Amino acid sequence: MHNLKEIRKDFKDFKNKLQYRKVDIDIENLKRLDEVNRELIQKKEHLEKEKKDISKSKDESLFKKSKEISNDLDKILDDQKKIKKELDDILSSIPNIPHRDVPNGKDENDNIEISKSGKIPKFNFKPKTHYELGEKLKMLDFDLATKTTGSRFVFVKDKLALLERALSNFMIDKHIGNNGYQEISPPLIASENTMFGTGQLPKFENDQFEIKFEEGSDRKFLIPTAEVILTNIVKDKILNLNDLPMRYVASTPCFRKEAGSYGKDTKGMIRQHQFYKVELVSIVEKDKCSEELERMTNCATGILDDLNLPYRKVILCSGDMGFSAEKTYDIEVWIPSEDRYREISSCSSCSTFQAVRMKTRYKNQNKESVNVGTLNGSGLAIGRTLIAIMENYQQKDGSIIIPEKLRPYMNNFEKISLN
RNA sequence: GGAGAGAUGGCUGAGCGGUUGAAAGCACCGGUCUUGAAAACCGGCAAAGGGGCAACUCUUUCCUGGGUUCGAAUCCCAGUCUCUCCGCCA
């Protein structure tokens, strides 16, 4: 969420910057609401002062007056609350402003490739898709999932299930051991306010799975990513400078409705309602965001390097970024059957955007309280890493070689094959 | 599910309806002392919002929402959350 005080400095400029994101706002309305709001606050404060003075004076002859003031005050307060709510509603649905490094663009076609890494495998046969491979091996079962649950779910079985688990452990170990992250095993359900904090609500409610809880309790949602719950660890906190940076890693299932992607990636496990993901979250000083984003992205690509998977790094254009992000790198892994790269990680700096929503601050050198910067990134999406390994390491006979670094996590198996 | 207890500043923890934004301790920051550090001592230390070029000033906030009152952290009502004991269960 944006700080109104900052916007106030230059409304036009704010509107212009938002146009990079293809968002058009009624800036005159915002300006008007802000003015009315402040007028009402002033009126309110004057009356409150008057009332306070009367009660301090303990002069009985003024008590009646005080009562009258109370009545006026009720109305003003009411009006002010309404305006404030209107203002908050508008502000909470405006996305973050792109960082100056971010290329201007409309959609994913305007994203810019930054680097490429790894060798794209050459096959002397036609490479199969991961679902062909998985079904042949009898280790991916989509039909079974349809029966028990519905579409966009899958049963992963046997050695592939082990591979999935191995990937999670391998990645977490590395982020703890080499990259300085602290492991967290968090709740997979988040409250409404928590979802608001990272920006999933109120605008993207349709993408979320809401849980039916007890009547009268707060609304609860399955987390669409561990980012939500890890970032909100610092919600409503004032941190000390020496608490920063804070770095958390968690491997969790993620739940997404994928509303609006009907017909997209319907085959296979590229796009599921439920998938595992290892997530990295950093809480840093406001002006260390860019630095941390580079660091985090390197933590993610480090995993792909270890697994010898070919990938490329892309910077998202202004039109393709997520709601809370000011700057995002996508890491895309090579998928042989599609003959192209597919997103396997997305690392974003959210500047102070989420911190304002969460009310997370720290005391800087001058003892002023300042909103922190927050970052999140996948390190990596487990399901898609599984796909990438299956497809890139596939053999002519449909077996899959296990990358060396994973073998210690897999009873030293070298290969996954039918028998 | 049954029975109780509680919710106050970064943390612990006092608080009679009227200089209580709130005692005290810890933590933190500055200073004295010290070769340096520790200890000791002195001082400082809430957030949000409004007004002002600024110095500064005002308002709000003691879980949330109502109510009583000239005046509420303190009284009343409702709700939320937390903890303890018993039962049940992973």
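Please read all numbers here as calculations on a predicted model, not as lab measurements. We name chains A, B, ... by the order of the sequence lines, and we start the count at 1 in each one.
- With salt bridges taken as basic N to acidic carboxylate O contacts below 4.0 Å, none links A:Asp158 and A:Lys138.
- Across residues 42-51 of chain A, A:Gln42, A:Glu45, A:Glu48, A:Lys49, A:Lys51 each have a non-hydrogen atom less than 4.0 Å from an atom of RNA chain B (numbered order).
- There is a side-chain donor-acceptor pair under 3.5 Å between A:Glu294 and A:Tyr329.
- No side-chain N or O of A:Thr198 forms a donor-acceptor pair with one of A:Gln354 less than 3.5 Å apart.
- Protein atom CG of A:Leu239 is 16 Å distant from nucleotide atom C1' of B:rG9, rounded to whole Å.
- Heavy-atom nearest nucleotides on RNA chain B were determined for A:Val370 and for A:Lys67, and the one closer to the 5' end corresponds to A:Val370.
- For the pair A:Leu73 CG and B:rG50 C1', the interatomic distance rounds to 15 Å; values are reported in whole Å.
- Taking the C1' atom of each, B:rG43 and B:rU84 are spaced 43 Å apart, rounded to whole Å.
- In this structure, the side chain to side chain donor-acceptor pair (under 3.5 Å) partners of A:Asp305, at least two apart in sequence or on a different chain, are A:Tyr311.
- Near RNA chain B, meaning a heavy atom under 4.0 Å away, the residues from residues 74-86 of chain A are A:Lys81.
- The distance from atom CD1 of A:Ile69 to atom C1' of B:rG71 is 13 Å, rounded to the nearest whole Å.
- In the model, A:Ser399 has no side-chain atom that pairs as donor or acceptor with a side-chain atom of A:Ser417 under 3.5 Å.
- Summarising the geometry, the separation between NZ on A:Lys220 and C1' on B:rC81 is reported as 10 Å, rounded to the nearest angstrom.
- Across all strands shown, A:Lys359 has no heavy atoms under 4.0 Å from either base or sugar-phosphate atoms.
- For A:Ile41, taking side-chain heavy atoms from C-beta onward, the closest of the listed nucleotides B:rG49, B:rC70, B:rA46 is B:rG49.
- Taking the P atom of each, B:rU64 and B:rU60 are spaced 15 Å apart, rounded to whole Å.
- Residue A:Arg361 places at least one side-chain N or O under 4.0 Å from the OP1 or OP2 atom of B:rA48.
- We find that NZ of A:Lys64 is positioned 15 Å from P of B:rU69, with the value rounded to whole Å.
- Here the CG-SG distance, from A:Asp107 to A:Cys317, works out to 6.5 Å after rounding to the nearest 0.5 Å.
- Salt-bridge formation is detected for the pair A:Arg342/A:Asp265: a Lys NZ or Arg NE/NH1/NH2 atom is positioned less than 4.0 Å from an Asp or Glu carboxylate oxygen.
- A:Arg357 forms a cation-pi arrangement with A:Phe196, by the criterion of a distance under 6.0 Å to the ring centre and an angle within 45° of the ring axis.
- Atom P of nucleotide B:rA47 and atom CG of A:Asn371 are separated by 13 Å, given to the nearest angstrom.
- Look at A:Lys51 and A:Glu48 and you find no salt bridge, because none of the NZ, NE, NH1 or NH2 atoms lies under 4.0 Å from a carboxylate O.
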List every contact pair, protein side and nucleotides 16-22 of chain B side both N or O, where the distance is under 3.5 Å.
{"residue": "B:rG18", "atom": "N2", "partner": "A:Ser55", "partner atom": "O", "Å": "3.1"}

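- Under 4.0 Å is where a charged nitrogen must lie from a carboxylate oxygen, and between A:Lys157 and A:Asp141 at least one such pair does.
- Looking at A:Arg407, its side chain does come within 3.5 Å of a backbone N or O of A:Ile402 through a donor-acceptor pair.
- Nucleotides B:rG17 and B:rC62, compared at atom C1', are 15 Å apart to the nearest Å.
- The side chain of A:Ser70 has B:rG71 as its nearest neighbour among B:rG71, B:rA48, B:rG49.
- Taking a cutoff of 4.0 Å between a charged side-chain nitrogen and a carboxylate oxygen, A:Lys220 and A:Glu192 do not qualify as a salt bridge.
- When the P atom is compared between B:rU59 and B:rC33, the two are found 42 Å apart, to the nearest whole Å.
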Secondary-structure notation, RNA chain B, from Watson-Crick and G-U pairs under 3.5 angstrom (| other strand): ((((((((.[[[..)..(.....]]].(((((.......))))).((((((....)))))).[[[[[..)....]]]]])))))))....
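- Atom name P, nucleotides B:rA55 and B:rA73: the rounded distance is 30 Å, in whole Å.
- In this entry the distance linking CD of A:Glu35 with P of B:rG51 reads 11 Å, nearest Å.
- Atoms CZ (A:Arg219) and P (B:rU80) sit 17 Å apart, rounded to a whole Å.
- Distance check on atom P: B:rC45 versus B:rC85 gives 42 Å, rounded to whole Å.
- Between A:Asn376 and A:Thr231, the side chains place no donor N or O within less than 3.5 Å of an acceptor N or O (distance only, hydrogens not considered).
- The cationic group of A:Lys203 does not satisfy the cation-pi geometry with A:Phe323, failing either the under 6.0 Å distance to the six-membered ring centre or the 45° limit from the ring axis.
- Spacing between B:rG79 and B:rG6 at atom C1', rounded to whole Å, works out to 16 Å.
- In summary, A:Arg247 and A:Glu292 engage in a salt bridge, as defined by a charged side-chain N under 4.0 Å from a carboxylate O.
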Give every pair of a protein N or O atom and an N or O atom of nucleotides 25-31 of chain B that lie under 3.5 Å apart, one pair per line with the distance.
none

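- Between the side chains of A:Ser168 and A:Ser251, at least one donor N or O sits under 3.5 Å from an acceptor N or O.
- Not one side-chain nitrogen or oxygen of A:Arg38 sits closer than 4.0 Å to the OP1 or OP2 atom of B:rG49.
- Within the 4.5 Å cutoff, side-chain heavy atoms of A:Met139 are placed close to those of A:Ile416.
- Residues A:His273 and A:Phe255 keep their aromatic ring centres 6.0 Å or farther apart.
- The same atom, C1', is picked in B:rA27 and in B:rG10; the two are 8 Å apart, to the nearest Å.
- The side chain of A:Arg8 places an N or O atom within less than 4.0 Å of a non-bridging phosphate oxygen (OP1 or OP2) of B:rG50.
- A:Ser369 has a side-chain polar atom (N or O) that falls below the 4.0 Å cut-off from OP1 or OP2 of B:rA48.
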